[in-house]
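First the structure, in the form of structure tokens, and then the observations on it.
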Amino acid sequence: MPAQLTDVPSFDLVVFGGTGDLAHRKLLPALYYRELGNQIPTDARIIAVSRRNISSEEYRNWALNALNDHLDEIDDDIMARFLERVQYVSVDVSANTGWENLETALAGREDVVRAFYLSVSPDLFGTICSAIGSHGLITDKTRVTIEKPIGKNGTSAHELNETIGSVFKEEQIFRIDHYLGKETVQNLMALRFANAMFEPLWNSTHIDHVQITVAETLGVESRAGYYDTAGALRDMVQNHLLQLLCLVAMEPPESMHADSVRDEKLKVLKALKPMDASGVARNTVRGQYRAGASAGGAVSGYLQELGKDHSNTETFVAAKLEIANWRWGSVPFYLRTGKRLANRISEIVIQFRDLPHSIFPEDAGTIKANQLVIRLQPDEGVKMKVMIKDPSSSNMRLREVSLDMSFAATFNVRNPDAYERLLMDMIRGNQTLFMRRDEVEAAWAWIDPILKHWGNDREPPKGYTSGTWGPSASIALIERDGRTWHEE
Ligand code: NAD
């Protein structure tokens, strides 16, 4: 089935950090696929910027190698068309040199969308935004996209937002959380708000609890230096997991308009019950992986990868959250994320309540409560677990089956990467899947006390063997409530 595409206006996309890892692995492949999908207007341009002193020709060769590394299949004609629109400009942002090269490259194109993508270290976000402003590069159709992390805590996020906000208006700022661009995450909204049958059940009367798991099998590897200054709570929970939680828990927005959706997400973040020291001790678990086995091979522990004897940085977090509002009072949300876990899985599990009464005889078997499992990766799709009569039994025996909606198989389309969608939305000026300033700051307001109490805690993160599901305390966190983590 051919993809239905929304028109995109012509643009100049300026990628700061055009020679970096994100550009290599995500941005260039995403843009190539949009070229392949004929979504990029004829005269649109991609201008890669970094401090390296290379020509556009050399950059195009580098880009071609990057694309060869990351694409399964390449169409030579499309690739030639794509590379033709790519050029390179050298600007050293720290030394404040080369901006005139960018001014020249952009001159005379004030009528097309001018999109700046900051795929550089966050330390440079403020400097770049200020320089874009002072060099007069902001037009009526300008937007700026910033990557995570947005701050290290509430204060630094606020400062960064102030700096960027002094140059750009909020409607020009696109704070990316690539989880929001995932097909299944958008499907969560379709499932909730395009079907009449879920929303009446979407509350504490019918839902027992919600689980959100984002598990990786990889360790920190070459990112150890950065990771050690962040940890799983900042790197994953503050943004991706809380954003997923918001989409599960928010009230129906008035429309898909960016501010309608973001207003509702903000209300959820504001309703998260803050944790004091004893709440943090009781409701959070932090862990750090040790040596073990992953994907069949022996792997080192975090400290070995980091090359240090000691670090209190967590590579695993589990937490039990409460949303203090009418819809979700008494429904715990269990979140967990970590590196070097048993499987690479991201999923949301909506666990419905047990039946109030069973009419079936005891030998019919156990009646399991319904579950809705929304799988973000690796195989995006939704499963609804329901009880049926076992067709192989002549008696009334009950069995749980999965109504399996695997999107890629159903529609026979390539599953687009989140960056494809988000880049095109940004060019079109659609902020629905991007985080607003107040959302980011509200998320930090909930995270900050946890960071503070962990900082005061003399106990280091709990060790867990690579290739397992994290520290045993994470299992205890949910099992003490008579529940178990969904694992299959
Ligand atoms: P990287 O270190 O691989 O690339 C950084 C880029 O910035 C390079 O192109 C480099 O030349 C350029 N640069 C550095 N100093 C410069 C200067 N003074 N002037 C001009 N250019 C300069 O980083 P990355 O992994 O690509 O990450 C980029 C951003 O994306 C960061 O904010 C990171 O947190 C975020 N991010 C990255 C990933 C990922 O998978 N790589 C995932 C999520 C978010």
Side-chain angles (χ1 to χ4, degrees), residues 13-31 46-56 58-59 62-63 65-66 69-70 86-102 105 116-132 135 137 144-152 156-157 160-161 163-164 173-182 214 216 218-232 234-241 243 337 339 344 346 377 417-419 422-423 426 434-435 440:
L13 171 62
V14 181
V15 182
F16 286 90
T19 57
D21 178 67
L22 188 73
H24 182 268
R25 288 190 309 110
K26 291 290 180 185
L27 305 180
L28 285 168
L31 290 164
I46 297 160
I47 303 173
V49 174
S50 87
R51 63 185 154 181
R52 221 185 277 177
N53 218 349
I54 54 171
S55 66
S56 285
E58 285 169 304
Y59 183 78
W62 180 87
N65 287 334
D69 283 352
H70 291 287
V86 174
Q87 53 177 280
Y88 179 82
V89 171
S90 169
V91 178
D92 188 330
V93 172
S94 319
N96 198 19
T97 56
W99 284 98
E100 63 287 355
N101 302 331
L102 188 58
F116 296 104
Y117 196 111
L118 309 196
S119 179
V120 292
S121 158
D123 305 343
L124 299 176
F125 289 170
T127 316
I128 296 179
C129 288
S130 305
I132 289 172
H135 285 271
L137 299 178
V144 65
T145 304
I146 56 171
E147 268 291 343
K148 75 169 196 184
I150 301 172
K152 279 179 68 70
S156 55
L160 181 61
N161 281 330
T163 309
I164 299 173
I173 304 171
F174 289 69
R175 296 178 191 81
I176 213 160
D177 184 326
H178 71 273
Y179 270 61
L180 296 182
K182 287 178 185 282
V214 177
E216 298 174 74
L218 292 175
V220 289
E221 285 138 13
S222 60
R223 288 180 75 221
Y226 156 73
Y227 195 88
D228 203 50
T229 64
R234 289 188 175 97
D235 194 46
M236 297 298 294
V237 179
Q238 187 274 339
N239 37 49
H240 307 318
L241 276 86
Q243 283 292 321
T337 182
K339 294 195 171 288
R344 176 175 170 262
S346 298
Q377 60 187 27
D417 186 77
Y419 278 94
L422 294 175
L423 279 163
M426 183 265 290
F434 294 82
M435 295 178 295
V440 174

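Whatever order the structure lists ligands and atoms in, that order sets their numbers, starting from 1. As a basis for the values below, the full set of heavy atoms in this structure was taken, side chains included, without hydrogen atoms, waters or symmetry mates.
Considering backbone and side-chain atoms together, G20 places an N or O closer than 3.5 Å to an N or O of ligand 1. Inclusion of D21 in the set of residues having an N or O under 3.5 Å from an N or O of ligand 1 is warranted. For ligand 1, the polar-atom distance check against V49 finds no nitrogen or oxygen pair separated by under 3.5 Å. Polar contact with ligand 1: absent for L118 (N/O pair, distance under 3.5 Å).
In terms of heavy atoms, A23 sits closest to S119 at N-OG, 4.2 Å. Here the closest heavy-atom approach between residue V120 and residue F125 is recorded as O-CE2, 3.3 Å. Taking both residues in full, the closest heavy atoms of G126 and T163 are given as CA-CG2, 3.7 Å, listed atom of the first, atom of the second, then distance.
A side-chain donor-acceptor contact under 3.5 Å links Y227 to the backbone of A232. Judged purely by atom type and a 3.5 angstrom limit, N101 uses its side chain to pair as donor or acceptor with the backbone of S90. When atom types are taken as modelled, the side chain of Y117 and the backbone of L423 share no donor-acceptor pair closer than 3.5 angstrom. Within the 3.5 Å criterion, the main-chain N or O of S50 finds no donor-acceptor partner in the side chain of T19. Of the possible polar contacts, one joining the K148 side chain to the D235 backbone as a donor-acceptor pair under 3.5 Å is found. A side-chain donor-acceptor contact under 3.5 Å links R175 to the backbone of M435.
Ring orientation note: the planes of F16 and W99 are tilted relative to one another, at an angle of 30° to 60°.
Atom 29 (C) of ligand 1 has as its closest protein heavy atom V120 O, 3.4 Å. Counting only heavy atoms of the protein, atom 34 (O) of ligand 1 lies nearest to K148 O, 2.8 Å. Among all non-hydrogen protein atoms, the one lying nearest atom 37 (C) of ligand 1 is L22 CD1, 3.9 Å. The protein non-hydrogen atom at the shortest distance from atom 18 (N) of ligand 1 is S94 OG, 2.8 Å. Closest to atom 40 (O) of ligand 1, if we only count protein heavy atoms, is R25 NH2, 2.4 Å. Scanning the protein for heavy atoms near atom 13 (N) of ligand 1, the closest one is R51 NE, 4.3 Å. Here the protein heavy atom with the shortest distance to atom 6 (C) of ligand 1 is G17 CA, 3.4 Å. Shortest contact from atom 8 (C) of ligand 1 to any protein heavy atom: T19 OG1, 3.6 Å.
When the heavy atoms of H24, H178, E147 are ranked by distance to atom 43 (C) of ligand 1, first place goes to E147. Of the candidates S119, S50, A48, the one placing a heavy atom closest to atom 5 (C) of ligand 1 is S119.
Ligand-side atoms of ligand 1 in range of P122: 32 (O), range being under 4.0 angstrom from any heavy atom. Contact atoms of ligand 1 toward P149: 34 (O) (distance under 4.0 Å to a heavy atom of the residue). Residue contact check: V91 has heavy atoms under 4.0 Å from atoms 19 (N), 20 (C) of ligand 1.
Not a single heavy atom of K26 sits closer than 4.0 Å to an atom of ligand 1.
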Practice prompt. Begin with the C-alpha distance, continue with both residues' side-chain angles, and end with the deciding distance and a verdict on salt bridge (Lys or Arg N to Asp or Glu O under 4.0 Å) for R344 and E216.
Written response: CA-CA 5 Å; R344 176 175 170 262; E216 298 174 74; over 6 Å; no

